[in-house]
Amino acid sequence: MAFDIEMIRKVYKKYPEAVEAARKATGKPLTLSEKILYTHLWNGNAGTAFTRGEDYVDFAPDRVAMQDATAQMALLQFMQAGKSKVAVPSTAHADHLILAKLGADKDLQESLNTNNEVFNFLSSVCNKYGIGFWKPGAGIIHQVVLENYAFPGGMMIGTDSHTVNAGGLGMVAIGVGGADAVDVMAGMPWELKFPKLIGIKLTGKLSGWASAKDVILKVAGILTVKGGTGAIVEYFGEGAQSLSATGKGTICNMGAEVGATTSTFGYDESIERYLRSTDRDDVADAANKIKEHLTGDAEVYENPEQYFDEVIEVNLSDLTPHLNGPFTPDLATPVAEMKEKAVKNDWPLDVEWALIGSCTNSSYEDLTRAASIVEDAVSKGLKPKATLGINPGSEQVRFTAERDGLMDSFNKFESTKIFTNACGPCIGQWDREGAEKQEKNTIVHSFNRNFAKRADGNPNTHAFVGSPEMVAAIAISGRLDFNPITDTLTNENGEQVKLAEPFGMELPSQGFAVEDNGYQAPAEDGSGIEVVVNPESNRLQLLTPFTPWDGANITGAKLLIKAEGKCTTDHISMAGPWLKYRGHLDNISNNCLIGAVNAFGGNTNAVVSQLDGNTDEVPNVARGYKAAGITSVVVGDHNYGEGSSREHAAMEPRHLGVMAVIVKSFARIHETNLKKQGMLGLTFANESDYDLIKEDDIFNFTDLNSFSDGKQLTLEVIHANGTTEKIMLNHTYNEAQIDWFKAGSALNLIRRQNA
Ligand code: MIC
Ligand code: SF4
């Protein structure tokens with residue numbers, strides 16, 4: 001039986017009427033995305049149509065998911081909201097804090113030893129407030145959600161950008177910062193700008209070496225890292241129906257890499273099969289009763305150009321395997337073209353590690369396809385040239401894979417390392433031998449992100465993203481430019497052999513099995529449970545509310561850093577070794593913007609303090625300004641804050657005295673996170689004004705007292721030579737969000753309301 005089946009039935013009960021109301025309000029047939037959005041309006045059935053890309057709308061999501069690295073901050077905030085229990089079903093998952101080093105058993109034990117305090121905190125907060133807790137080793141949040149909680153037509157939010165993975169089961173699932181999760185858990189509406197809609201029509205059928213991963217690797221190449229910004233990507237067509245549910249999940253997962261708000265697929269037979277095989281006949285039966293509402297209307301899919309803002313067509317039959325990278329997930333290269341491109345760009349061709357796992361590709365099917373390559377290689381007398389590392393997505397996947405002999409297949413390579421069911425190397429939780437030498441090298445993995453330093457902290461590691469079967473093939477060949485379709489390999493007997501095409505099992509033929517799935521149900525009545533945070537702790541720190549705006553213009557502010565080029569949340573608040581401070585705002589602030597490239601001089605973590613003219617680390621300079629009572633500002637380039645949902649990237653600068661972040665453009669989640677934490681997230685009205693900003697400028701806001709929806713703000717910039725510039729700044733704050741700024745943060749407002 002599924003978790004929270006009554007909630008799901010309730011959602012389905014309102015569907016027919018709510019969909020009809022939406023059809024009437026919009027006066028047209030509906031996409032699936034619109035059906036889900038309009039059935040989840042906070043104010044009930046639709047009365048009017050919303051303008052996509054413009055209107056802010058209040059929604060009522062069905063559930064919330066959080067992972068350990070973000071849950072700490074989300075729950076520290078929730079504890080301040082003045083509620084005794086969460087208002088919607090919510091879960092927290094311990095998956096990000098487990099370091100991969102020696103292999104699953106030892107690593108898990110080591111992580112329990114080092115992170116004990118944080119796991120205990122999460123377990124007791126969850127217990128107290130009615131939140132389900134998935135213990136360390138239970139699996140990666142999005143795989144566990146797919147197996148247990150995701151349901152067609154539902155809406156969820158999660159404090160992780162890859163929450164979108166649940167689109168594989170036909171949800172609208174959106175990644176948010178912790179403060180947004182607090183709204184929903186506190187029983188308040190959740191606000192989102194009504195998204196635009198991108199339709200992707202899939203025709204044909206995958207074959208040979210092409211996999212679901214290649215669909216999104218190709219789409220990422222077309223849309224690039226910001227092409228999906230502000231939009232829901234909806235997949236449809238006969239090709240969509242031919243994909244497995246977990247394959248759909250892979251595609252939705254990496255929609256985060258094109259900046260999409262989320263991605264989704266209509267309910268179909270593969271989704272039904274997946275629900276049934278994961279012990280959720282009840283959900284499948286309920287969904288079947290309202291089937292027609294859980295996919296887009298036929299007219300829409302027949303004439304998509306009329307109903308989507310943009311339509312892309314991908315023919316699965318023409319698709320070939322891709323590798324994307326290095327350093328960005330949208331640099332797509334068909335494997336057949338890699339030889340030429342790698343040499344031209346001087347990418348190291350020898351591959352040392354081949355990693356399979358992460359929330360995007362750690363399903364049972366993924367493991368079977370990769371295992372088929374390993375088995376084939378062994379039978380042909382081939383030994384791997386690179387080390388294969390595997391993180392199964394969940395204990396259920398691992399247990400079933402073990403029962404079905406897949407782990408034995410992987411272990412036929414002596415060097416294989418099976419790591420914990422957790423994020424591991426995907427988030428820099430990888431103690432890779434030799435990484436500190438910072439040598440130029442190449443790795444391949446089936447993860448979703450490959451920003452510099454992400455996996456092993458080495459800025460010279462060139463990471464390429466590919467399907468699990470491609471990763472397995474490269475483990476064997478040890479070459480980045482290996483094309484399994486055309487190339488042969490030399491085996492132990494000196495013979496030339498070719499790898500056979502991968503084959504996989506969509507679902508385990510004997511069904512899934514698990515002994516202990518690692519779930520801890522919360523107490524019925526948590527009122528007696530005490531959550532203790534040791535004031536001496538360096539891992540956890542209770543929050544002190546940010547100071548409300550004093551009503552005066554911000555003046556005399558100094559530049560903390562002008563970031564140049566790519567500035568993702570990994571550059572603003574690095575993960576890896578810093579993950580341990582995710583529950584301690586002051587300590588984690590010591591990583592604030594240390595990865596951002598300073599436009600003056602091109603270095604990282606080296607800026608000039610205007611107090612004494614000395615060059616110092618970014619956090620130190622910020623602390624210096626703060627101690628001197630001086631506000632600071634950050635200036636940035638395009639798509640600033642791309643990547644993760646981590647609100648630390650907004651809270652840290654706020655904590656260190658930054659009040660405004662002024663950039664050419666923002667990634668969605670980060671922009672909202674800045675607003676929630678009471679900061680000014682602004683964009684240059686005239687992009688080239690970025691070039692006017694000098695290292696020693698002084699900044700005065702001149703019209704903050706008339707800060708209002710739709711009105712530009714004016715910034716006066718005083719250069720050291722006494723000349724001044726007037727710069728106009730755009731913003732997307734509505735009146736309610738301006739109130740967050742005034743209150744010092746959105747949370748300050750909630751607390752006031754519940755006092
Ligand atoms: C990531 O993939 O970058 C993470 C770690 O899962 C993040 C969340 C985080 O920063 O904790 C995400 O994608 O939101
Ligand atoms: Fe974990 Fe990587 Fe997925 Fe983020 S992308 S949730 S770090 S597995």
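Just follow the structure's listing: the first ligand is 1, and inside any ligand the first atom is 1. The analysis underlying the following values was restricted to heavy atoms, covering all of them including side chains, and did not include hydrogens, waters or symmetry mates.
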- Query: Around atom 1 (Fe) of ligand 2, what protein N, O or S atoms are found below 2.8 Å?
  - Reply: Cys423 SG

- Residue and atom name of the nearest protein heavy atom (relative to atom 10 (O) of ligand 1), distance in Å to one decimal: Arg646 NE, 2.5 Å

- shortest atom 14 (O) of ligand 1-to-protein heavy-atom contact is with Ser161 N, 2.7 Å

- What do you reckon, does Arg582 have a nitrogen or oxygen under 3.5 Å from a nitrogen or oxygen of ligand 1? yes

- Counting only heavy atoms, which portion of Thr360 has something under 4.0 Å from ligand 2: side chain, backbone, both, or neither? neither

- Item | Contact atoms of ligand 2, heavy-atom distance to Asn448 under 4.0 Å | 5 (S)

- Interfacing atoms of ligand 1 (cut-off 4.0 Å, heavy-atom, Ala69): 11 (O)

- Item | Glu436 CD: over 12 foreign heavy atoms closer than 6.0 Å | yes

- Task: Evaluate the ring planes of Trp190 and Phe59, with Trp represented by its six-membered ring, and classify them as parallel (under 30°), tilted (30 to 60°) or perpendicular (over 60°).
- Result: tilted

- Query: Is there a donor-acceptor contact under 3.5 Å from the side chain of Gln677 to the main chain of Met679?
  - Reply: no

- Residue, atom name and distance, where the atom is the protein heavy atom closest to atom 6 (O) of ligand 1: Asp160 OD2, 2.6 Å

- Query: How would you list all residue pairs meeting salt bridge (Lys or Arg N to Asp or Glu O under 4.0 Å) that involve residues 565-583, not counting sequence neighbours?
  - Reply: Arg454-Asp570, Lys566-Glu642, Asp570-Arg646

- Query: Should one rank His162, His648, Met66, Arg454 by closest heavy-atom distance to atom 1 (C) of ligand 1, which comes out on top?
  - Reply: Arg454

- Message: Please confirm whether Gln67 approaches ligand 1 to less than 4.0 Å, judged on its heavy atoms.
- Response: yes

- Query: Going by atom types alone, do Asn639 and Ser665 pair a side-chain donor with an acceptor below 3.5 Å?
  - Reply: no

- Among protein heavy atoms, which sits nearest to atom 7 (C) of ligand 1, and what does the distance come to when rounded to 0.1 Å? Ser644 OG, 3.3 Å

- Message: Can you tell whether the side chains of Arg668 and Glu671 come within less than 4.0 Å, N to carboxylate O?
- Response: no

- Asp431, CG atom: more than 12 neighbouring heavy atoms under 6.0 Å: yes

- Plane angle bin for His445 and Phe447 - parallel if under 30°, tilted between 30 and 60°, otherwise perpendicular: parallel

- Query: In terms of side-chain heavy atoms, does Asn448 have a donor or acceptor partner in His162 at a distance below 3.5 Å?
  - Reply: yes

- Message: Whether Glu365 and Arg369 form a salt bridge (side-chain N of Lys/Arg under 4.0 Å from carboxylate O of Asp/Glu) is what I want to check.
- Response: no

- Is there at least one pair of N or O atoms, one from Thr159 and one from ligand 1, spaced under 3.5 Å apart? no

- Note on the structure: Numbered in order shown, the ligand 1 atoms found under 4.0 Å of a heavy atom of Ser645 are 12 (C), 14 (O)

- Going by distance only, is there an N or O of His96 that falls short of 3.5 Å from an N or O of ligand 1? yes

- Item | Distance, nearest 0.5 Å, that separates CD1 of Ile356 from CG of Asp366 | 8.5 Å

- Message: Atom NZ of residue position Lys196 - does it have more than 12 heavy atoms of other residues, nucleotides or ligands inside 6.0 Å?
- Response: no

